[in-house]
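To start, the structure under review is shown below, and the notes come after it.
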Amino acid sequence: MGDDTRADQPAISCRGVWQVFGPNAKSKLKAALAASGGESQSAADTLREDGLIPAVQDATFDVKRGELFVIMGLSGSGKSTIVRCISRLIEPTGGAIDIDGQSILDASKAQMIELRRRKLGMVFQHFGLFPHMSVAENVAFPLKMQGQGKRDRLKRAHEVIGLVGLEGRETAYPRELSGGQRQRVGIARSLAVNPDIWFLDEPFSALDPLIRRQLQDEFIKIQATLKKSIIFITHDIAEALKIADRIAIMRDGRIVQIGTPTEIVLKPVDDYVREFSKDVVKGRHARISSVLRPLSEAPDNMPDDPGIRQDMTLEEALAACISLYQPVPVHDADGKIIGVVHPSDLSAALQVDEA
Amino acid sequence: MSAPTVAQDTAHGGIHLTTGAKAALVVLIIGALCMALAPVWPWLVKYPAGWALPASDWIGAALEWLLNLIKPVARFFSRALAYPMEWANILFNGIPWPLSIGLVTALGWYVGGWSLASLSFLGLSFVVSSGYWDESMNTLSLVAVSVPLALLFGGGLGILANEVPRVRNAVQTLMDVMQTVPTFAYLTPLLLLFGFGPVVGLIASAIYAAPPMARNVMLGLERVESDVKEAAIMSGGTRMQQLFLVEIPSASQQIMVGVNQCLMAALSMVIIAAVIGGFNDIGWEVLLTMRKAQFGQALLAGLVIVVFAIVIDRISGQMAEDRQRHSKRISGAIIAVAGVIAIVFWSRLPEPASLTLLQPTADWVDSGLSAFTVANGSALDGLKNGAMFYGLLPLRIGLDGAVLPFTWGFQWTFGMSLVLFGAAAALGAVLALRGNIAAGIMLVIAAGVIETGIADLPWPFVLVGAGAIGWVAGGRKLAQFAVLMLLAVLLSGLWDKALLSLYLSGAAVLTCAVFGGAIGLVCAMSPLAWRFVRPICDMLQTIPLFVFLIPVLMFFQIGEFSAFLAICFYAIVPMIRYTRHGLVTVPDELIEAAVSSGATSWQTMVEVRAPYAAPTILLGLNQTILYAFAMLVIAALIGTTGLGQSIYLALSQADVGLGITSGACMAILALVADRLVQGFATERRKALGL
């Protein structure tokens with residue numbers, strides 16, 4: 001993999017990726033696609049009737065450099081399978097996957113090993129810690145695979161262990177740690193080689209809610225400094241909305257919607273997506289821009305200016321103007337008025353799907 | 001066996017010895033002292049006969065008194081058992097053979113459909129055409145009486161242990177003893193009690209077959225979900241209702257596994273019991289033909305046993321697997337057709353004994369074999385002698401005794417000993433410097449053992465060594481257990497024989513560990529290899545112990561090497577199975593974590609799979625050890641020295657004291673080995689947090 005990567009090139013690019021489980025999956029997929037004229041849904045139905053399991057159907061998306069891309073879906077929707085295809089822990093049945101513009105499906109076994117040693121990091125739902133190794137040995141494991149000397153790799157391990165806040169537990173064994181601490185080790189291990197691309201497969205799902213929130217906050221902090229290109233798998237919509245730059249929602253192996261958190265919450269493409277966002281407090285995730293009206297609609301006289309800014313969430317904005325009945329101005333970061341918002345629009349937006 | 005490597009902290013200057021290193025050091029010092037002082041105090045090496053207690057005489061006298069006391073009861077029991085045996089005999093021999101084949105085939109169909117029906121049909125047809133039908137039916141009638149006894153006894157024990165928690169431990173110990181004391185050993189007192197005859201074999205096989213039933217009943221009842229039990233209680237059932245209406249049916253699958261194991265154990269034992277003779281069964285036929293060196297016939301009779309074992313195992317095993325049953329109508333039709341054939345040809349049915357369809361084949365095999373062994377005699381002898389002179393003999397009497405001009409081409413000298421120890425010490429020092437002190441010391445100890453030979457090891461060294469291993473594996477209690485148990489063997493006066501048994505089983509276990517481990521590894525890495533090896537493993541595990549003697553005897557005659565081979569063939573299976581199983585069942589996430597860290601498949605194997613599988617592999621080793629001890633006694637039939645020989649001797653002389661004492665010593669060796677390896681496995685599992 002060369003370093004001649006352009007800044008605008010996506011870190012990861014998936015084009016029509018299929019993962020079909022069952023005997024002779026490859027040829028059967030080809031046949032089904034040919035029969036359906038490339039139409040993926042009917043091809044998947046054909047495969048299902050044939051007794052095969054299309055776990056991922058025609059997945060197409062890009063992950064930009066430094067982007068935190070969340071794949072969200074219920075268990076069995078194929079989200080973990082996608083990430084395993086991209087890391088080639090399993091062989092995709094069809095499609096194309098590029099990492100930094102290089103096709104990884106054409107990479108040899110040795111190239112793949114090299115790629116994993118240098119460029120990829122992965123965190124697992126149940127941590128995947130080696131029970132016979134201490135914390136430091138676990139974290140240093142990828143470096144050992146690179147062939148680094150013991151002293152160097154333990155030094156680097158120590159650094160990363162510090163990054164996740166586990167200083168002093170280097171000689172402990174996984175069995176002596178709490179769930180939250182174990183996942184910190186998992187995160188440290190995946191960061192040991194300083195990878196460009198970071199896969200996290202439901203990293204916080206096995207943790208208690210309190211610990212989960214704490215780790216999410218720390219994760220956001222770590223990402224703010226490291227700026228990795230990330231694919232983050234979760235089944236928790238609140239988690240997805242909290243951390244994501246963009247979210248892909250999966251159902252039965254298909255990606256049904258890709259969008260920013262606001263788009264997902266306020267413009268769900270179908271009932272399935274709507275069902276997810278039903279339980280979230282929309283005001284916390286949608287921004288004011290979604291209900292912004294142009295300045296031309298402003299009344300001549302706006303008596304009140306509660307100081308609403310464009311980047312406020314609906315909830316924050318509503319709190320500021322809850323007692324008002326007239327449209328109020330909305331400012332951008334510099335304080336310039338860029339539009340107006342009607343308080344009744346705010347409450348209406350929050351009510352949208354409750355009925 | 002490597003000591004547990006606790007994270008070493010040498011940062012503070014001093015060297016911190018791990019438990020393993022300390023234990024190894026103590027053993028090394030004791031061993032060196034024994035070697036150094038041996039010229040002055042020869043009793044250090046060879047335990048003086050005068051110091052031993054006449055244990056076997058005492059035990060013999062006490063047992064004989066006791067046996068005479070209960071003899072009338074036993075004799076009555078024996079007469080009582082003779083009736084069902086006779087009925088079974090009449091039944092099995094009375095049914096015309098086409099009907100028997102039809103009944104078994106119908107059962108095969110009902111339980112397992114097409115494949116089991118054809119297996120049953122082909123298997124029994126083979127038996128008929130072998131001419132051993134009558135003998136087989138005699139064996140089966142023994143099994144048919146002993147299995148219900150074992151099921152009742154074992155099932156009762158299991159339920160008792162489940163119901164009365166206080167006796168649980170006692171029952172466990174009783175079962176350990178019943179299974180580890182070699183079967184030959186309790187044939188002797190049984191002979192005395194029940195008198196000469198097939199009843200002895202029947203009772204021995206019932207005793208031997210009861211523990212697997214009891215264990216599975218206990219396990220099954222224990223595993224019934226607490227929700228299910230509580231639902232039974234809340235429904236207002238009495239304890240008996242809870243047990244028989246809910247818990248036992250819920251555990252039925254596990255209990256059927258017990259029935260399957262019970263059947264196999266009974267069959268195996270009934271055949272072994274043929275050595276006491278007096279009953280014209282198939283085991284006796286094997287023994288007879290083997291003694292006459294008619295290996296073609298022995299092989300044929302052995303195959304008949306194997307066929308029975310496989311048919312019984314597959315049918316009862318399938319029953320345990322709770323699949324849906326096949327059509328009763330077709331089963332009925334098969335029986336009807338068989339019945340019609342039996343009636344129509346009633347008068348013209350050939351006597352099964354006169355059927356000698358396969359006898360020409362057997363004769364042909366026999367002569368072929370003779371020709372083969374004559375033609376390749378030198379190669380076979382070369383193989384045998386090579387293994388003896390360069391492998392077994394040095395292990396037994398040490399390099400200093402085994403290296404002779406006659407075999408190795410030169411004489412072992414004191415200087416060579418020095419070189420050996422020097423090399424071991426140098427290598428050990430390298431290991432110690434690289435942080436593995438325990439392994440370094442053990443290397444030196446191993447050099448000492450090879451130089452001395454297992455049979456000539458000084459007894460203080462063996463005791464301290466076992467204690468040290470116990471200490472590392474499970475702490476003080478286990479160390480005490482190991483030392484006290486071995487001390488009992490030492491005092492019994494059978495120490496020398498025990499060491500000989502230890503040597504032969506040790507050599508076999510070592511071989512099995514290396515080859516079985518390697519095969520297991522290959523099978524773990526290549527599913528194709530496993531597809532090939534698996535049926536062989538299944539086969540080897542179904543074959544009754546006794547049959548293993550036939551092929552080794554054909555090629556290598558009576559002797560230690562044949563015994564060694566027979567033990568290896570039998571004992572290697574668990575090592576293969578457990579190694580593969582352990583390596584394959586590592587959780588996916590761990591493998592993925594390793595792969596996504598950029599590990600190659602070999603690195604994954606060495607760094608992740610192998611350490612994770614260690615406890616499972618140790619359990620396999622444990623099974624291999626127990627299998628080796630079980631086979632050791634059977635192998636005494638074809639010439640081994642040691643405890644097995646004593647047990648066999650006692651049987652032929654009806655010497656109860658010697659038989660029981662040797663049997664107890666053998667059981668002690670097996671138990672100590674079992675506990676030590678289990679200790680390591682538990683320790684490893686704890687270390688992995690499993």
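Below, read A as the first sequence line, B as the second, and so on, with proteins coming before strands; counting in each chain starts at 1.
With rounding to the nearest 0.5 angstrom, the CD atom of B/Gln603 is 4.0 Å from the CE atom of A/Met145. Note that CG of B/Leu590 is 11.5 Å distant from NE2 of A/His126, once rounded to the nearest 0.5 Å. With rounding to the nearest 0.5 angstrom, the OG atom of B/Ser597 is 10.5 Å from the CE atom of A/Met122.
When heavy atoms are compared at a cutoff of 4.5 Å, A/Met112 does not approach chain B at all. At a 4.5 Å heavy-atom cutoff, the contact between A/Phe127 and chain B is made by backbone atoms alone. Using a 4.5 Å cut-off between heavy atoms, A/Gln125 contacts chain B through both its backbone and its side chain. The part of A/Arg84 that comes within reach of chain B is its side chain, from C-beta onward, which places non-hydrogen atoms under 4.5 angstrom from that chain. Heavy atoms of B/Ala614 lying under 4.5 Å from chain A are absent altogether. Heavy atoms closer than 4.5 Å to chain B are found nowhere in A/Arg118, neither backbone nor side chain. Proximity to chain B (any heavy atom under 4.5 Å) is restricted, for A/Arg175, to the side chain, taken from C-beta onward. Only the backbone of A/Leu129 comes within less than 4.5 Å of a heavy atom of chain B; no side-chain atom from C-beta onward does. Only the backbone of A/Leu120 comes within less than 4.5 Å of a heavy atom of chain B; no side-chain atom from C-beta onward does.
Side chains of A/Lys109 and B/Ser601 form a contact here, defined as non-hydrogen atoms less than 4.5 Å apart. Put simply, the side chain of B/Leu688 does not reach to within 4.5 Å of the side chain of A/Tyr173, judged on heavy atoms. Looking at heavy atoms from C-beta onward, A/Phe199 lies out of side-chain contact with B/Ser596 at the 4.5 angstrom threshold.
Few gaps surround CD on A/Glu167; more than 12 heavy atoms of other groups in view lie less than 6.0 Å from it. Within a 6.0 Å sphere centred on CZ of B/Phe515, heavy atoms belonging to other residues, nucleotides or ligands number 12 at most.
When all heavy atoms of A/Arg189 and B/Ala593 are compared, the pair lying nearest together is NH2-CB, 3.3 Å. The heavy-atom pair separating A/Arg116 from B/Val595 by the smallest distance is CD-O, 2.9 Å.
A donor-acceptor pair under 3.5 Å is formed between the side chain of A/His132 and the backbone N or O of B/Glu607.
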